[in-house]
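These notes are about the structure you will find just below.
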Amino acid sequence: MADLRCEIAGVKAPNPFWLASAPPTDKEYNVVRAFKAGWGGVVWKTLGEDPPVVNTSSRYGALHYRGYRMMGFNNIELISDRPLEVNLQEIKRVKRDWPDRALLVSLMVPCTEDSWKRILKRVEETEADGVELNFGCPHGMSERGMGSAVGQVPEYIEMVVRWCKAATRMPVFVKLTPNVTNILAPARAAKAGGADAVSLINTINSVMGVDLDTMAPLPSVHGKGAHGGYCGPAVKPIALCMVGEIARDPECRGLPISGIGGIETWRDAAEFIAMGAGSVQVCTAAMHYGFKIVEDMITGLSNWMDSKGYRTLDDFRGAAVPNYVDWGQLDMNYVVKARIDQDKCIRCGLCHIACEDTSHQSIRKIKENGKRRYEVIEEECVGCNLCAHVCPVEGCITMVEVETGLPYVTWAEDPRNPQRLAKAAE
Amino acid sequence: MAEAPDVRAGRLSPAEYERNFADAHPPLTAQQAMVEAVRCLFCHDAPCIEACPTGIDIPRFIRGIQSGNLKGAAETILEANVMGGTCARVCPTDVLCEGACVRLAEGKKPVEIGALQRHAVDWLFERGIQPFTRGPITGERIAVVGAGPAGLACAHALARLGHEVVIFEKRAKAGGLNEYGIAAYKMVHDFAQREVDFILGIGGIELRTGIELGRDVTLGELRRDFAAVFLGLGLQGVHALGVEGERLAGVQDAVAFIERLRQTRDLSTIPVGRQIVVIGGGNTAVDVAVQSKRLGAETVTIVYRRGPEAMSATPAEQEWAKSNGVAIRHWARPVAIEGVDGHVRAVVFERTPLDGAGRLEGTGERFTLPADQVFKAIGQKLVPSAFNGTAELLDVENGKIVVDAERRTTLDRVWAGGDCIAASVDLTVAAVEDGKLAAASIHRYLMGG
Ligand SMILES: Cc1cc2nc3c(=O)[nH]c(=O)nc-3n(C[C@H](O)[C@H](O)[C@H](O)COP(=O)(O)OP(=O)(O)OC[C@H]3O[C@@H](n4cnc5c(N)ncnc54)[C@H](O)[C@@H]3O)c2cc1C
Ligand SMILES: Cc1cc2nc3c(=O)[nH]c(=O)nc-3n(C[C@H](O)[C@H](O)[C@H](O)COP(=O)(O)O)c2cc1C
Ligand code: SF4
């Protein structure tokens, strides 16, 4: 059994599977159940100043796709709606009872140094392992000048992180919003301010749909809808990209990352870790299936690591980062072609019509004595992968590498690049 | 064998009758339909479309179910097959659309196309929506003989094109075998009549029941009074077994028995034997066997002269018979029917293996099955009386009317389709397609195309 222990910015946990700051970590009751189920850590639901916020009734929206429930999920909830003191007492008890688990406390207060100082002092008394500054929440709180309203302005991030670092000895994680054009600006600002780690992503601005009878955006509250935060399996690709951007950025080098966004299985987690994350955080998957999912996450990750010969998370952490490059560093001489396994083909014709109507007209439809057959025209195939993606049969269409004998050539070096000639002439 | 024959009505309790003749395949719920619709891969040039005799664009209507466009789904179906509601209930989908589903090639269950089709059409019927309108009135009048699937489909298509249609039907109700022949548990809640009403609802179709071609009107008169004539006569005659004892009481024509069953208001008035033998290998054999079992018969045995592959009842129907407790015996033909006091008591069979040339061989080896009731289900034939009083004759081959690809007979301005034509496969869906093709051909002819 592989060693799943993780340490990120000095915070230790028996495994990298943490619950993200959200309803699953709202109170002692849930958190204790989560720790009993095996979660390695939690980030407590975001605390603010009293009086606590008040939430709307009707809070979540979901994107169901072709019978699959909750491919995407969204919410218009605010931060913890319980009194600060109640939360702090529970946090203290939980940390005392579960000393081996990571317990971070998420915070969001108005943008003044005093506010941050006050709350940090009180959190320190709970003996929690650290804090996570919520600069990510995209709805509601941002209208009050908090959350993503701060997270979208790098200068504010740097300033608040600096205040917090000066005010506490606890490790400071900064949770980033994806609702920015370039994730590196806030990440670099956090680093400049002295952050010990970043957590990402928070949710994405979204409207889940429109009720065509009432003409209300979803989720709707009494006929009106506000944009909410999008999360769940659908956002994982966006999150992975942002994590990778930070992991490979020379300016952010060494900045630990807690990866969040659409993580549901050990495989998702392994991908985030390979992309540089030190721990992962989960919300939607737990809200969908309950805390038990962590059991398979733990054994699955461990079995996969065993099969690969990885003993610790560090053995593969960041292993994909050197391979995450700009388009300009890709090999222009690499060639793949679609290959259809005729024995597996069920003759649905989807590869043909996809390529015929929208790609490169490279899959021929043949009808021989009443039977259909689909064949790749190798010379025409550009290796876009579309047919392999639309094919409903696992392993029927594979993209096979063609040996060209040509060297690795980037676009900058490619003879077909007109700028290359210009450059050579210089 | 000395016992008196046991043929009785009222073998079951009212609750048992009700249960036995309820919908054999209850409709899908909205949720089930959605789950099933999601299984469709939306094949390009889908093989299921080719396998449907009426060429319904199946992936398209399934997409409609999936997107919540039930009206569009139903219209896609009815556009190609105005009897999509009946076909969804009665088509042997295992050898038609579902038999072509690519999911089978994947080693999975085919998409339940029939059940989805029913879901969409039922949705439209429940809301009383009439999706069809008539084209500009042409003033042309066409006679349709027979209000079965072929005749109704033809009449509907002609009415849509703006023609006036008069249907002559010898029975009291329209619907043909949908009303008189199909198994009761496939067509519950008077579906056949609801569908007839829907079809006539387009307007421009006058239905004259109780009028029989050859008795009340002649083909010559119809050709004189109408611009074109379509014959959808079905098959009204029954083949004889040609064995000794065929006239004994209790030896019955399966189709007539089913007709009585379909028309009664009270199933407990239908007499049924304790031990039943059915002779034949098609739909009708399976239907009479299962329905008599469900009326309370103790043993029901279908005896067919060839093997299971040769039966025109599909594998799914044979399975349905077996799962209803009907025994199927192959490779035997009746050689005599024995009776006591003028009533059947047993059937004597001879085993019939194939000879070297693939013909049935009489072996002389015999066995006897006891029977209180014997149903003959060895096929129907055209009755020549329909053509009484007609001077010009149309060509008939093996007792069925000869037509070309457009369903034109050899007689000018006369078209035919459904079970009565030589190329017929004896399925509702095929009869509908015949009616459709004939209507298109008649329209082309009338419009000078
Ligand atoms: C017992 C049984 C079960 C069946 N089950 C199925 C099934 O499950 N699925 C399936 O697809 N198919 C089934 N079939 C076959 C299907 O019912 C027929 O293929 C279909 O009904 C043929 O349609 P049609 O219009 O040609 O003839 P019919 O349905 O027979 O209609 C002919 C109409 O013409 C009328 N008529 C006949 N002669 C005259 C005349 N001289 N003057 C005026 N009117 C006349 C008749 O009264 C009748 O209404 C079954 C058939 C039988 C007998
Ligand atoms: C393969 C591919 C290439 C695309 N190329 C472009 C592009 O060149 N310019 C552009 O404005 N959008 C491009 N898009 C984005 C689409 O126009 C569209 O905005 C996006 O796919 C979202 O729509 P959809 O997911 O509903 O299809 C591309 C999308 C795909 C899938
Ligand atoms: S990879 Fe793209 S271009 Fe090549 S055959 Fe497939 S769909 Fe066509």
Side-chain angles (χ1 to χ4, degrees), chain A residues 62-71 208-215 218 338 340-377 386-397, chain B residues 28-53 55-73 95-113 115-116 119-120 127 425:
Chain A
L63 182 75
H64 310 304
Y65 186 71
R66 296 256 177 96
Y68 285 96
R69 309 294 294 178
M70 282 169 67
M71 294 286 295
M208 298 309 283
V210 172
D211 182 324
L212 290 177
D213 294 322
T214 62
M215 287 297 165
L218 297 170
I340 301 174
D341 181 337
Q342 296 295 344
D343 293 333
K344 287 192 178 148
C345 176
I346 61 172
R347 326 263 177 237
C348 67
L350 288 172
C351 59
H352 162 75
I353 201 61
C355 192
E356 190 69 15
D357 280 355
T358 76
S359 249
H360 296 84
Q361 297 76 45
S362 328
I363 298 185
R364 199 186 277 129
K365 173 169 103 178
I366 298 160
K367 202 147 186 194
E368 285 166 350
N369 14 1
K371 285 214 183 287
R372 304 142 199 270
R373 184 183 160 83
Y374 300 93
E375 273 174 11
V376 176
I377 308 166
L386 178 62
C387 53
H389 291 311
V390 301
C391 177
V393 181
E394 196 62 38
C396 175
I397 301 185
Chain B
L28 300 177
T29 63
Q31 174 114 27
Q32 287 168 327
M34 189 62 94
V35 169
E36 195 54 31
V38 165
R39 298 187 58 238
C40 176
L41 295 173
F42 305 111
C43 297
H44 172 63
D45 261 358
C48 52
I49 302 178
E50 275 176 26
C52 170
I56 295 174
D57 188 340
I58 293 162
R60 180 169 155 196
F61 91 70
I62 294 181
R63 192 177 277 282
I65 292 176
Q66 208 188 80
S67 74
N69 179 12
L70 273 302
K71 179 161 184 276
V95 296
L96 298 174
C97 52
E98 292 176 21
C101 180
V102 300
R103 286 282 190 187
L104 284 167
E106 237 185 326
K108 300 197 175 127
K109 265 182 16 146
V111 174
E112 289 186 40
I113 298 167
L116 289 171
H119 182 72
R127 282 156 188 79
V425 292

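Letters A, B, ... mirror the listed sequences (proteins, then strands); counts begin at 1.
- Rounded to the nearest 0.5 angstrom, B/Ile58 CD1 and B/Cys48 SG are separated by 4.0 Å.
- Looking at B/Cys43 and B/Cys101, their side chains never come closer than 4.5 Å, going by heavy atoms from C-beta outward.
- In this structure, A/Ile377 CD1 and A/Cys355 SG are separated by 8.0 Å, a value rounded to the nearest 0.5 Å.
- For the atom pair B/Leu28 CG and B/Ile65 CD1, the distance stands at 8.5 Å (nearest 0.5 Å).
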Donor-acceptor pairs under 3.5 Å, chain A to chain B, main chain and side chains both?
unit_1, atom_1, unit_2, atom_2, d
A/Arg66, NE, B/Gln66, OE1, 2.9
A/Cys348, O, B/His44, N, 2.8
A/Lys365, NZ, B/Asp45, OD2, 2.2
A/Lys367, NZ, B/Glu50, OE1, 3.3
A/Lys367, NZ, B/Glu50, OE2, 2.8
A/Arg372, NH1, B/Asp45, O, 2.5
A/Arg372, NH2, B/Asp45, O, 3.0
A/Arg372, NH2, B/Glu50, OE2, 3.0

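- Side-chain contact between A/Cys351 and A/Cys391 is absent, with no heavy atoms from C-beta onward closer than 4.5 Å.
- The shortest distance between side-chain heavy atoms of B/Cys52 and B/Leu96 does not fall below 4.5 Å.
- Residues A/Ile340 and A/Ile363 meet the side-chain proximity criterion, which asks for heavy atoms closer than 4.5 Å.
- With a 4.5 Å cut-off on non-hydrogen atoms, B/Val35 does not touch chain A at all.
- Ranking B/Gly107, B/Ala46, B/Pro47 against chain A, the residue ahead of the rest is B/Pro47, based on heavy-atom pairs under 4.5 Å.
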